[in-house]
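Presented below is the structure to which this report refers.
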Amino acid sequence: QVHLVESGGGLVQAGGSLRISCEVSGNIDSINAMGWYRQAPGKQRELVAAISSEDATLYTGSVKGRFTISRDNAKTTVDLQMNSLKPEDTGVYYCNSGVLDYRGDTFYPGDYWGQGTQVTVSS
């Protein structure tokens, strides 16, 4: 079992920055990679970024150069630093324990999700 808890969301103006965190507990050793997803109203949940246990990273095109995913050495925390935020970044952000392939091209989500944290970017 893997338990995930997101935090750090809030309201920020366009162009601002925000850092959200995912606290991981449970069977941490079983984790291959962690991903951040977001879901806006009326839209499907989409992958934002992922990071593997070997620190390979993956970003969706819309956030490249603006967002940075990172994790601590104990793999108990996975952060997403979000800079130059845009209104279209608004949504509920979820973290997920899954698998990132060796190429760093594809993240396969697992069955464990956090409760989500709301990020709202105003103009």
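Predicted model only: the values in this text are computed from it and were never measured. By convention here, the first residue in the shown sequence is residue 1. Computed over heavy atoms, backbone and side chain alike; hydrogens, waters and symmetry mates excluded.
- Between the side chain of Asn96 and the backbone N or O of Tyr37 there is no donor-acceptor pair closer than 3.5 Å.
- Val99 and Phe107 sit in two unconnected hydrophobic clusters of ILVMFWY residues. Membership requires side-chain heavy atoms under 4.5 Å apart, directly or through other members.
- Ile69 and Phe67 fall within a single hydrophobic cluster, where Ile, Leu, Val, Met, Phe, Trp and Tyr are joined by side-chain heavy atoms under 4.5 Å apart, directly or via other members.
- Here the side chain of Arg66 pairs a donor or acceptor atom with the backbone of Ser84 at under 3.5 angstrom.
- Summarising the geometry, atom OG belonging to Ser123 is positioned 13.0 Å from atom CG belonging to Leu85; distances are rounded to the nearest 0.5 Å.
- Listed for the Asp72 side chain is a donor-acceptor partner under 3.5 Å among the backbone atoms of Thr77.
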TODO: Start with the C-alpha gap between Ile20 and Val119, add the side-chain angles, then the distance that decides, and say whether side-chain contact (heavy atoms from CB on, under 4.5 Å) holds.
DONE: CA-CA 9 Å; Ile20 55 176; Val119 173; 4.1 Å; yes

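- To the nearest 0.5 Å, the span separating SG on Cys95 from CZ on Arg38 amounts to 15.5 Å.
- Salt bridge Asp55/Arg71: present, at least one basic N to carboxylate O contact under 4.0 Å.
- For the atom pair Glu46 CD and Trp36 CH2, the distance stands at 14.0 Å (nearest 0.5 Å).
- Note on Met34: it does not cluster hydrophobically with Leu58, by side-chain heavy-atom contacts below 4.5 Å among ILVMFWY residues.
- Counting only heavy atoms from C-beta outward, the side chains of Ser17 and Gln81 approach each other to under 4.5 Å.
- The backbone N or O of Glu6 lies less than 3.5 Å from a partner atom in the side chain of Gln115, making a donor-acceptor pair.
- Looking only at distances, a side-chain donor or acceptor of Thr90 sits under 3.5 Å from a matching main-chain atom of Val121.
- For the atom pair OH (Tyr108) and CG (Leu100), the distance works out to 9.5 Å, reported to the nearest 0.5 Å.
- The environment of Asp105 atom CG is dense: over 12 non-hydrogen atoms of other residues, nucleotides or ligands sit within 6.0 angstrom.
- Using the six-membered ring where Trp is involved, Tyr94 and Trp113 have ring planes that are perpendicular, over 60° apart on the 30 and 60° scheme.
- Contact of the Leu11 side chain with the Ser122 side chain is registered, since non-hydrogen atoms from C-beta on lie closer than 4.5 Å.
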- [ ] Any chance you could lay out the side-chain contact (heavy atoms from CB on, under 4.5 Å) test for Ser30 and Val2, step after step, and finish with the verdict?
- [x] CA-CA 9 Å; Ser30 70; Val2 177; 4.2 Å; yes

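- Cluster membership check: Val78 shares its hydrophobic cluster with Tyr112, using side-chain heavy-atom separations under 4.5 Å among Ile, Leu, Val, Met, Phe, Trp and Tyr.
- When all heavy atoms of Val5 and His3 are compared, the pair lying nearest together is CG2-NE2, 3.5 Å.
- Of the N and O atoms on the side chains of Gln118 and Thr120, at least one donor lies less than 3.5 Å from an acceptor on the other residue.
- Screening Thr117, Thr68, Ile51, Val48 against Leu80 for a side-chain contact (heavy atoms from CB on, under 4.5 Å) leaves a single residue, Val48.
- Expressed to the nearest 0.5 Å, how far CG of Leu4 lies from CD of Gln1 amounts to 11.0 Å.
- Taking the side chain as every heavy atom from C-beta outward, Ile28 and Thr76 approach each other to under 4.5 Å.
- Side-chain heavy atoms closer than 4.5 Å link hydrophobic residues (I, L, V, M, F, W, Y) into clusters, and following such links, even through other members, never connects Tyr59 to Leu47.
- In this structure Ser21 satisfies the side chain to side chain donor-acceptor pair (under 3.5 Å) test together with Asp79, sequence neighbours excluded.
- For the pair Thr106/Asp101, a side-chain contact is recorded, criterion being any heavy-atom separation below 4.5 Å from C-beta on.
- Annotation for Glu88: atom CD counts as buried by contact number, over 12 foreign heavy atoms lying within 6.0 Å.
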